[in-house]
Protein chains: 2
Amino acid sequence: MTIYDIAKLAGVSIATVSRVVNGSPKVSEKTKETVRRVMAETNYTPNAFARGLGLGTMQTVGIVCPDVADPYMAKAVSYLEKNLQGYGYDCILYCSGYDDADREQAVSLLLKKQLDALLLVGSIFSDEQSAVLTQLREAAARIPIFLINGVLSGDNVYCVLGDDYQAVYDVTEELVLAGKRRILFLTNSSSYSAGRKQQGYEAALAAHQLDVDARLILHCENSIPATRDLLLRQRGLTFDSVIATEDGMAVGALKYAAVCGLRVPDELSVVGYNNSELSICCEPELTSVDNRGELLCRTTIDSLMALLDGQTIPKQQVIKCHLIKRASTDF
Amino acid sequence: MTIYDIAKLAGVSIATVSRVVNGSPKVSEKTKETVRRVMAETNYTPNAFARGLGLGTMQTVGIVCPDVADPYMAKAVSYLEKNLQGYGYDCILYCSGYDDADREQAVSLLLKKQLDALLLVGSIFSDEQSAVLTQLREAAARIPIFLINGVLSGDNVYCVLGDDYQAVYDVTEELVLAGKRRILFLTNSSSYSAGRKQQGYEAALAAHQLDVDARLILHCENSIPATRDLLLRQRGLTFDSVIATEDGMAVGALKYAAVCGLRVPDELSVVGYNNSELSICCEPELTSVDNRGELLCRTTIDSLMALLDGQTIPKQQVIKCHLIKRASTDF
DNA sequence: TTTTCAAATGTAAGAGCTTACAATCAGGAT
DNA sequence: ATCCTGATTGTAAGCTCTTACATTTGAAAA
């Protein structure tokens, strides 16, 4: 079934059929009617490739995220997809893994696909020299690129991110004001946002004339048992509170406290990040920073559409996080 | 940059360039070399639409799932994507929502896209009359359809699913043998797999000459607070154990136990489903059925590839689940 | 040297759509 | 009746690739 068949059956030219398919106004109601009927009867679907060839777009954007199995990214992808759907766009998904080489490959594959935009979720590019970065900047020459919770300078590159610096600054300050002096900072990557979080932590301590004890900054995997075990191995280390850059690590800290018989929040306060389902699952429930994934995604898509519509949009949009207070802290 | 430019620069015809791009063996090493060099220098990428038009495929499969934000489906999508990647296929994702009308729309949109296959995750079609079903069967005339954890008869439709019936049968039996007599069954949908789970529950009770008390079968949302509150509202109901068809509900039951001061597992045993991260997050940790999402997905993709390769594959593949025993039960 | 044949390459016809431009048509103005 | 106009429709030239078939080439066989 091609456009020619429909044209023949409807007794019109293929141009007219195409106009009907694309909702052009320059077709009389009568023929529009006829063509629609024939299309319905024959169950005709325009060939997407030919359409894409002619139009130069297939209304599709690419989403690259390290791992959709991660609940935070899963939520993000879900929001993105829904919002894109609302604008009539489809999304093709790549789970790139966290490795730079893998991500580079994902981007390069995606670039072959005549997409309308590229969305990178939870980007964790470490150094400016990284191959992905140069590749992304090249890519941006062709289509707009959006980083969600990441930062990259460059033409046609836009960033939408939570204000992680401020969020951690604020919660650190709250802990200090609550009398905590040895705040353990658990982080899991060298990403831009992990860096910003750590800066917030250090700045808040400095603002209160507290020294940053390097031993209190621990790198660990975002996994409950891994974090628990890591902490159990640090027996020399004393701390009265924990700020984790992911909820999984925070729950690991709770498990550690349970093993050691530490009362939470009295003897150990714990703060998580992302306000995932884990935070209301554990015991006690976790105080956690909600970095507004849903809002970030909506903002991203709205901005993208504005851009595709020819409007100018800000290069960087920063959205304030919310601290959700629960039983794992006493402020 | 089109294939013509490359041909001109390399001093060959477009056919030769195309052959090089597609790895045809009928090109001399020398010209292959030249063309490759020119392509690299010019950073040429074949147009995916034109390619698709010519080849009739773009190596892409569609994935429909109700909600990637759900950790179980997120994991499934992640596995599917990775496995497809391994075969050089891309995936385009639709989060259809749980509503039949929405899912129908998703499928119909997807069908316009010249995909190589359609994968439905966690399908929860209720009745045989549903519009999605007829639509899917029509779709199957064009491309193969795979249901992951769902069942649908029809030509060119294949199902890969966990043996939920047996899993629930077995765990119910374990509870009975552990002396439990009033086993609450928490379920959240009228999907095929929810039905099978319930059948397993009822069959196991019957096998041990225990009556099925209809009041002990509760429908509830897969959400920790929703389940907790639901149980708190059922004060007349007595039960000594809970089997939930999702981990979220099981954790809700644990929260309920905490509120009521019931000791788990002594006074209340709780079994969850899917062995999600929640199950090692809560306190006590949750005994949960692992329905082998990873294996299901790998099986699905391997089968799909075998099918595309012209081989015959089974219409239905059932994979045994694993019970992961933790502290919320005492068997 | 001529013949033969396979390997290498080129030509051109699609694949199914969009759209600029041309053609047609109906009806009002002259 | 003739001309003009705007609305509608058709024609044909792309868009970029694949590939069947034709052609050329070069070397081995005769």
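The sequence lines fix the lettering, A, B, ..., with proteins before strands; numbering per chain opens at 1.
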ask   = What's the verdict on side chain to side chain donor-acceptor pair (under 3.5 Å) for Arg196(A) and Asn149(A), showing C-alpha distance, side-chain angles and the deciding distance?
value = CA-CA 11 Å; Arg196(A) 293 293 289 165; Asn149(A) 268 327; over 6 Å; no
Can a side chain N or O of [X] be found less than 4.0 Å away from OP1 or OP2 on [N]?
X: Ser13(A); N: dG10(D); result: yes
X: Thr31(B); N: dA8(C); result: no
X: Ser18(B); N: dT18(D); result: yes
X: Thr16(B); N: dT9(C); result: no
X: Asn22(A); N: dT18(C); result: yes

task = Describe the nucleic acid contact of Val21(B) in one word from base, sugar-phosphate, nothing, applying a heavy-atom distance below 4.0 Å.
result = nothing
key: Identified side-chain contact (heavy atoms from CB on, under 4.5 Å) partner of Val107(B) from the options Ile145(B), Asp102(B), Leu118(B)   = Leu118(B)
Euclidean distance, atom [atom1] of residue [X] to atom [atom2] of [N] [Å, nearest integer]:
X: Met39(B); N: dT16(D); atom1: CE; atom2: P; answer: 17 Å
X: Ile3(B); N: dT16(D); atom1: CD1; atom2: P; answer: 11 Å
X: Leu53(A); N: dG14(D); atom1: CG; atom2: C1'; answer: 10 Å
X: Met58(A); N: dT16(D); atom1: CE; atom2: C1'; answer: 14 Å
X: Glu29(B); N: dA8(C); atom1: CD; atom2: C1'; answer: 13 Å
X: Phe49(B); N: dG14(C); atom1: CZ; atom2: C1'; answer: 20 Å
X: Ile14(A); N: dT8(D); atom1: CD1; atom2: C1'; answer: 16 Å
X: Met1(A); N: dA15(C); atom1: CE; atom2: P; answer: 15 Å

Shortest side-chain distance from [X], nucleotide among [options]:
X: Leu55(B); options: dT9(D), dT19(D), dT18(C); result: dT19(D)
X: Ser28(B); options: dA8(C), dG10(D), dT16(D); result: dA8(C)
X: Ala50(A); options: dG16(C), dT9(D), dT19(C); result: dG16(C)
X: Lys26(A); options: dC17(C), dT16(D), dT9(D); result: dT9(D)

key: Side-chain touch Ile319(A)/Thr299(A), heavy atoms, less than 4.5 angstrom   = yes
query = Would you say the side chain of Tyr158(B) lies within less than 4.5 Å of the side chain of Leu307(B), judging by non-hydrogen atoms?
reply = yes
task = Find which nucleotide of DNA chain C each of Tyr4(B) and Tyr4(A) is nearest to by heavy atoms, and output the residue with the more 5' nucleotide.
result = Tyr4(B)
key: 5' precedence on DNA chain C between Arg19(A) and Lys32(B) (nearest-nucleotide basis)   = Lys32(B)
task = Using the test side-chain hydrogen bond (donor to acceptor under 3.5 Å, both in side chains), find all partners of Ser153(A) that sit at least two apart in sequence or belong to another chain.
result = Arg137(A)
